[in-house]
Q: 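Structure incoming, see below.
When a residue number appears, it is its place in the shown sequence, counting from 1.
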Amino acid sequence: MVDYEDGPVRPSIPSGPPLWFAALIAGPLFLVFACGAALWFVVRVEVGGNEMVVLVNKTGKPIPAGLADEFADQVVLYPALVQAIADETGLTAEKVIDSYKGIRYETIAAGRYFKNPYSYKVVKMNVTIIGQNELGVLIRKYGRPLPFPKTVATEPNERGPVKEILRPGRKDVNLLAYEVQRFPAIRIPEGHVGVVTLLSGRDPKVKNTYTVEPGEKGVQRKTRPPGLEYYNPYLEQIEIVDVRSHKYDMLGEDAIHFPSNDSFTITIEGTIEWAIRPDRVAEVTVAYGNVEDILSKIILPNARSISRIQGSKLRAREFISGKTRTAFQRKLLEELQNDCWKQGIDIKSALVRDIQPPAEIALLISQREQADQEMERSTNEMEEAKSEVKLVEQQELQSRNETIGDALRDVVTMTKRAELEKVVAVTAANRELEVAKLALQAAEKEAAATRSRGQAEANVVLFEYRAEAEPLAAAVKAFGDGETYAQQYFLLNVAPAVKTIQSNTDGPFAEIFKQFQTFGSKSAGTEDSRGGGQ
C-alpha cells in the first residue's frame with residue numbers, strides 16, 4: 001500500500017475471466033495429461049527385439065469345480081485345459097482365455113503394447129537362444145504327472161521333459177510354462193558309432209535279448225553314424241564305440257605259454273589285429289563291454305585255447321621249422337577268425353612273431369635244425385643239378401622241335417601253296433566252264449535261230465510248191481487221175497512237134513502210142529460210162 005496525500009491508494013486488479021472458469025478449463029486438460037502420462041508410463045509395454053512378454057490374467061473366474069479333480073493344481077491356461085473348460089462351460093476358447101485366471105500359454109513378440117495393469121500382469125523375459133553345439137530340452141511345468149515308467153512327455157497334457165528337443169536357433173519359449181535345460185550335442189568321431197539306449201518306449205516283445213526292435217525300450221540294434229548328434233538325454237543314451245581296427249601285442253607277460261606234444265613248454269609272441277563287426281556293435285557292447293573287456297573275454301581266451309590245442313599236436317623241435325611255424329600261424333588265424341566271428345569280432349590278422357622252445361633243448365634243436373637245413377640245401381643242390389640236366393635236355397629237345405617245326409612249316413607252306421594253286425586252277429577251270437556254258441547257250445540260241453530261219457525258208461518254198469501244185473492237182477482231178485492228165489499233157493506238148501513218124505509198130509517208141517490207144521479206149525469207155533449214166 002502506498003500513502004499519498006489524500007490517503008492510501010489500493011492497487012487496481014486487472015479485469016479477466018473468473019477463477020472458476022479457469023479451473024473448469026484446466027481440470028480436463030490436467031485429466032487428459034494425467035491419463036496420457038498413465039497410459040504412456042504405466043500401461044505402455046515396450047518389448048525389444050530379443051524379448052517377449054507373457055500375460056498373467058489377474059482377474060477372472062477360477063477353474064470350474066467339475067474340472068478341479070483333474071486340473072486343480074494348474075496355473076497355465078494351456079490348450080488342453082482351455083478346451084476342457086470350453087467343453088464344460090460352452091464358451092469359445094478365446095472367451096475362456098479372457099475369462100479365467102492364470103498364466104496365458106501364448107507369448108507376445110517384440111513391439112509396443114498397451115495392457116491394463118489391473119487385469120494383466122506383464123512378465124517380460126528374454127527369448128531363448130540355443131547355441132550351435134548344444135540343444136535344449138523343455139521341462140513342461142503343467143499337465144498331469146508322467147505315468148511310470150515313462151521318462152518323457154509324449155502327450156500334450158503330460159508334465160515333465162518333452163520328447164522333442166530344441167535345436168540351435170532362436171526359440172520363443174514361455175518360461176512360466178516351461179523350463180529350458182541345455183545339454184551339449186554329442187560328436188561321434190570318424191571310425192566310431194553311437195550305440196543308442198532308448199529309455200522310454202514300448203516293452204520288448206522278445207525278452208532277455210541284448211538288443212531290441214526299433215521303438216522298443218532298451219539297446220537299439222541300429223547305431224548312429226559319425227557326426228554331430230542332437231538327442232534328448234531323457235529319452236536316449238548314446239555310448240560312443242570305436243569300430244576301427246585294433247592291434248594287440250602278445251609280448252612278455254602277455255605271451256602265450258602251452259605244452260608241446262613231448263611236454264616241453266612253448267612260448268609264442270605275436271600280434272592280433274581285430275575290429276568289432278559293424279552289424280553287431282550294439283550287441284557286442286552290451287554283452288561284453290569296451291575294448292579291454294573284448295580282449296579279456298573273447299580274443300585272448302580263444303587265442304590261448306586254440307594255441308594250446310594246436311600246439312599240443314606238435315613236438316618242440318617242430319616249432320623251429322619255418323614251414324611248421326607258417327602252418328601253425330595259418331591254423332591259428334583260421335580257427336580264431338571262425339570262433340570270434342560268431343561272437344561279433346572280426347579278426348583281420350594273427351601274426352606269430354616268435355616261437356621260443358625250452359632253453360635246455362633249444363641248442364640241440366637248433367643244431368638238428370641246421371643239419372636238416374644243410375641236408376635240405378644239399379638236396380636242393382642235387383635237385384638243381386637235375387634241373388640243369390633237364391634244362392639241357394629241354395633245350396636240345398626244343399632245338400629238335402624247332403627243326404621239326406621248320407620242316408613242318410615248310411610242308412605246311414608247300415601244302416598251302418599247292419592248295420592255293422589248286423584253288424586257283426579249279427577257279428580258272430570253273431570260270432572256263434562257265435564261259436563254255438555261256439558259249440554253248442549262245443550256240444544253242446544261234447542254232448535255234450538258224451532252225452527258225454530254215455523253217456521259215458522251207459515254209460516259203462512249201463508255199464510256192466503248193467501254189468504250183470494246187471492248179472496241177474485241180475487239173476489232175478479234172479482228168480480223173482494223174483496218168484490221164486500226164487498223157488494229155490504229153491500229147492499236147494509232143495503232138496505239135498511230131499511231123500512224121502517212120503517206124504514200125506514194134507519197139508519202145510511204138511509202145512508210147514499204143515498206150516495212147518489204150519488211153520483212148522479207156523477214155524471212150526469212160527465217156528460211155530458217163531454217157532450211159534446220163
Q: Answer yes if the side chains of T267 and H257 hold a donor-acceptor pair under 3.5 Å, and no otherwise.
A: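 A pair is found: one side chain offers a donor N or O, the other an acceptor, under 3.5 Å apart.
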Q: Testing the 3.5 Å rule here: is there a donor-acceptor pair between the side chains of E334 and N338?
A: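 There is no such pair (donor and acceptor under 3.5 Å, judged by atom type) between the side chains of E334 and N338.
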Q: In terms of the angle between their ring planes, are F258 and F328 parallel, tilted or perpendicular, with boundaries placed at 30° and 60°?
A: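 Plane angle under 30°, so parallel.
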Q: What distance do E94 atom CD and S99 atom OG have between them, rounded to the nearest 0.5 Å?
A: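 Atom-to-atom, E94:CD and S99:OG are 11.0 Å apart.
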Q: Please collect all side chain to side chain donor-acceptor pair (under 3.5 Å) contacts where either partner lies in residues 164-174, sequence neighbours excluded, each pair once.
A: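 Side chain to side chain donor-acceptor pair (under 3.5 Å) check on residues 164-174 returns N50-R170.
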Q: Does the ring center of Y142 lie less than 6.0 Å from the ring center of Y78?
A: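 Y142 vs Y78: aromatic centres under 6.0 Å.
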Q: So if I apply the side-chain contact (heavy atoms from CB on, under 4.5 Å) rule between R104 and each of V53, V123, D98, V76, which one comes out positive?
A: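 That would be D98.
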Q: From the options V193, V241, V243, select the one residue that forms a side-chain contact (heavy atoms from CB on, under 4.5 Å) with T223.
A: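 Looking at V193, V241, V243, the match for T223 under the side-chain contact (heavy atoms from CB on, under 4.5 Å) is V193.
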Q: Determine whether more than 12 heavy atoms belonging to other residues, nucleotides or ligands lie under 6.0 Å from atom NZ of K207.
A: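 Enclosed: over 12 neighbouring heavy atoms sit under 6.0 Å from NZ of K207.
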Q: Please identify each residue that fulfils ring pair (Phe, Tyr, Trp, His ring centres under 6.0 Å) with H246, with sequence neighbours left out.
A: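 For H246, the residues satisfying ring pair (Phe, Tyr, Trp, His ring centres under 6.0 Å) (neighbours in sequence not counted) are W274.
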Q: Among all residues two or more places apart in sequence or in another chain, which pass the ring pair (Phe, Tyr, Trp, His ring centres under 6.0 Å) test with Y234?
A: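 None.
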Q: Locate the shortest heavy-atom distance separating A275 from S245; write the atom from each residue and the value.
A: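 Residues A275 and S245, closest heavy atoms: CB-CA, 4.0 Å.
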